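For reference, the structure discussed in these notes is given below.
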Amino acid sequence: MPLAPSPTLLVTGGAGYIGSHTLIELIQAGYRPIVLDNFSNGSAHALKRVESLTGHALEVIEGDIRDAALLDTVFHQTKAHGAPIQGVVHFAGLKAVGESVAAPLDYYQTNVAGTLTLLQAMDQAQVHTIVFSSSATVYGIPREQPYTEMHPIAPINPYGQTKAMVEQVLRDWCATLPARRAICLRYFNPIGAHPSGMLGEAPQGIPNNLFPFITQVAVGKRSHLNIFGNDYPTVDGTGVRDYIHVLDLAVGHVKALEHARGTTGGFAAVNLGTGRGTSVLELLNTFSAISGRKIPYEFQPRRPGDIAECWADPSTAEALLGWKATRTLEDMCADGWRWQSRNPNGYED
Ligand code: NAD
Ligand code: UD1
């Protein structure tokens, strides 16, 4: 439970896929989130839908995490109004692996320099708590499965490097003042949508990731799925991942904040996954059965940079945060399909 009534939080990137779902859980847990988003990949419609689902009017600032003056104003004004920001949930960033290879400076600028600017503003305002969106991608090539948090950090692309660098920055930031608390949540593969069918993932252009591609085939926006590789040493030759319902992930942030607020300080990095691996064909077949839609597919060569399989050891999350994923693959497919079928063009309808 929150320690004070409606503690104020700054939620960067709250208009995005994971941020918008997390806002719902934060509001329901009694927090007062202030959203800061530059809308480069987020949607104002998503925030409106969060408002109608929660009955809570959101405070939204359109702006960039790299804008130091804006951040100082936001921290200062909330303090002046008697409801100072007590913690930051930091989703804002760029997240496409291929794009990070093509434009690494953009990724270092937004993800690393942007986080440094944010931390400097937090220091100015003496805000000591941050929950950061990290990724299982920090582990790189798996030495063994499942990934525990002790696995070496060895990212294989600039996007992953930015996440690993920010984790290191947060580790060092915490070490300089005992009151500082940073929890890096290493997400596995978030999919699915809010069960209302009102919130979901709305990728711009051709989806890079598997699940939104499947749902777009199902709704008739794309002719077929290309499956990248059927010769991996896995259960059926296709890649295996740990898919996690976006709402389970959202709950993980509430648990992380509760944990951070209940400790004296320090750094932690925690896997958020289900602990279960699912192949591309298994996901496809489950989705087909749930949606009643046939998903045509073609096998293609492996996608460069892909690993055969990965899944989480989520035991740290359970031990430290009291968090465990509860939603099944069927839930992920049913909720994702409800969202896609009711919103074939995402938030643009
Ligand atoms: P998203 O793109 O939907 O959300 C990111 C939000 O940040 C968007 O609303 C975007 O407009 C905003 N943003 C981007 N740059 C900004 C800036 N400079 N200033 C202010 N706002 C900015 O992505 P998501 O899937 O919700 O991911 C959220 C976070 O989780 C990201 O940091 C991402 O790297 C991380 N993550 C995502 C996944 C995934 O599969 N979706 C997996 C692991 C980690
Ligand atoms: C990708 C990112 C990773 C990010 C993660 C979560 C890469 C190299 N890695 O990982 O950094 O944290 O998303 O969002 O991009 N697949 C197909 N056809 C498709 C798309 C994917 O067969 O059209 C396969 C892939 O080969 C893989 C599986 O589906 O085996 C999952 O792919 P994807 O959803 O892109 O996630 P990751 O590869 O795990």
Side-chain angles (χ1 to χ4, degrees), residues 11-22 35-44 46-47 61-67 70-71 89-101 106-107 109-111 113-115 117-118 132-140 155-157 159-160 162-163 166 184-191 201-204 206-214 216-217 222 224-230 232 234 238-244 246 249-250 253 272 277-281 283-284 297-311:
V11 180
T12 74
Y17 171 47
I18 303 169
S20 58
H21 287 81
T22 303
V35 175
L36 174 75
D37 201 298
N38 69 359
F39 295 101
S40 57
N41 199 41
S43 164
L47 297 177
I61 298 156
E62 181 167 358
D64 201 292
I65 53 164
R66 293 166 293 178
D67 185 342
L70 173 69
L71 290 173
V89 188
H90 181 31
F91 296 103
L94 304 177
K95 63 165 183 175
V97 173
E99 191 180 70
S100 80
V101 176
D106 290 351
Y107 275 67
Q109 184 61 247
T110 296
N111 293 5
T115 304
T117 305
L118 175 64
F132 171 63
S133 299
S134 189
S135 169
T137 203
V138 297
Y139 296 123
I156 56 171
N157 53 60
Y159 167 69
T162 67
K163 293 293 177 188
V166 170
C184 297
L185 298 177
R186 294 178 180 161
Y187 310 155
F188 279 67
N189 289 59
I191 63 169
E201 187 171 13
Q204 295 174 2
I206 302 171
N208 292 313
N209 297 120
L210 177 63
F211 191 75
F213 207 107
I214 291 176
Q216 291 197 4
V217 172
R222 316 219 168 258
H224 69 282
L225 172 74
N226 289 315
I227 297 183
F228 301 133
N230 62 344
Y232 283 111
T234 60
T238 66
V240 166
R241 297 290 184 274
D242 186 339
Y243 298 98
I244 173 165
V246 65
L249 211 60
H253 293 76
L272 290 189
T278 301
S279 76
V280 174
L281 285 174
L283 179 60
L284 190 81
Y297 62 85
E298 287 174 12
F299 288 122
Q300 301 290 344
R302 295 179 180 189
R303 183 171 65 177
D306 270 1
I307 55 176
E309 55 185 2
C310 83
W311 64 93

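Counting convention: from 1, in listed order, for ligands and their atoms alike. Excluded from the calculations below are hydrogen atoms, water molecules and symmetry mates; all remaining heavy atoms, backbone and side chain alike, are included. Everything numeric in this text was worked out from a predicted model, so none of it was measured.
- Ligand 1 has no N or O atom lying under 3.5 Å from any N or O atom of Asn209, backbone or side chain.
- Closest to atom 11 (O) of ligand 1 among all protein heavy atoms lies Asp37 OD1, 2.7 Å.
- Considering backbone and side-chain atoms alike, Phe228 places an N or O below 3.5 Å from some N or O of ligand 2.
- Of the candidates Arg303, Lys95, Glu201, the one placing a heavy atom closest to atom 32 (O) of ligand 2 is Arg303.
- Annotation for ligand 2: atoms under 4.0 Å from non-hydrogen atoms of Tyr243 are 28 (C), 31 (C).
- Between Asn209, Leu281, Ile206, it is Asn209 that holds the heavy atom closest to atom 33 (P) of ligand 2.
- Each of the following atoms of ligand 2 lies closer than 4.0 Å to a heavy atom of Asn226: 17 (C), 18 (N), 19 (C), 22 (O), 23 (O).
- Between Pro190 and ligand 1, not a single N/O pair is under 3.5 Å apart.
- At the top of the distance list for atom 24 (P) of ligand 1, counting protein heavy atoms only, stands Lys95 NZ, 3.7 Å.
- Protein non-hydrogen atoms do reach within 4.0 Å of atom 25 (C) of ligand 2.
- Of all the heavy atoms of Asp306, the ones lying under 4.0 Å from any atom of ligand 2 belong exclusively to the side chain.
- Atom numbering of ligand 2 starts at 1 in the shown order; those under 4.0 Å from a heavy atom of Thr137 are 11 (O).
- When heavy-atom distances to ligand 2 are checked against a 4.0 Å cut-off, Tyr232 has no atom that comes that close, whether in backbone or side chain.
- At the shortest separation from atom 19 (N) of ligand 1 among protein heavy atoms lies Ile65 N, 3.1 Å.
- Comparing heavy-atom distances from atom 36 (N) of ligand 1 across Tyr159, Tyr17, Phe91 singles out Tyr159 as nearest.
- Ligand 1 lies out of reach of Gly114, whose nearest heavy atom is not under 4.0 Å from it.
- Of the N and O atoms on the side chains of Tyr107 and Glu99, at least one donor lies less than 3.5 Å from an acceptor on the other residue.
- Counting protein heavy atoms only, atom 14 (C) of ligand 1 is closest to Ser40 OG, 3.3 Å.
- Neither the backbone nor the side chain of Glu201 has a heavy atom within less than 4.0 Å of ligand 1.
- Taking a cut-off of under 4.0 Å to the non-hydrogen atoms of Ser133, the atoms of ligand 1 that pass are 29 (C), 30 (O), 32 (O), 35 (C).
- Residue Asn41 holds the heavy atom nearest to atom 1 (P) of ligand 1 of all those in Leu249, Asn41, Val11.
- In terms of N/O distances under 3.5 Å, ligand 1 is approached by Gly42.
- Atoms of ligand 2 found under 4.0 Å from any heavy atom of Asn208, numbered from 1 in the order shown, are 20 (C), 35 (O).
- Annotation for ligand 1: atoms under 4.0 Å from non-hydrogen atoms of Ala15 are 9 (O).
- Looking from atom 5 (C) of ligand 1 to the surrounding protein, the closest heavy atom is Gly93 O, 4.0 Å.
- Under 4.0 Å from ligand 1, heavy atoms of Asp64 appear from its side chain as well as its backbone.
- Remark: ligand 1 and Ser134 share no N or O pair separated by less than 3.5 Å (distance only, no angle test).
- When heavy-atom distances to ligand 1 are checked against a 4.0 Å cut-off, Ser43 has no atom that comes that close, whether in backbone or side chain.
- Remark: minimum distance from atom 4 (O) of ligand 1 to any protein heavy atom is reached at Gly16 CA, 3.4 Å.
- Proximity to Ser135 (heavy-atom distance under 4.0 Å) selects the following atoms of ligand 2: 12 (O).
- Remark: ligand 2 and Pro190 share no N or O pair separated by less than 3.5 Å (distance only, no angle test).
- Nearest residue to atom 20 (C) of ligand 1 from Asn38, Ile18, Thr22 is Asn38 (criterion: closest heavy atom).
- Of the candidates Lys163, Arg186, Arg241, it is Arg241 that places a heavy atom closest to atom 37 (P) of ligand 2.
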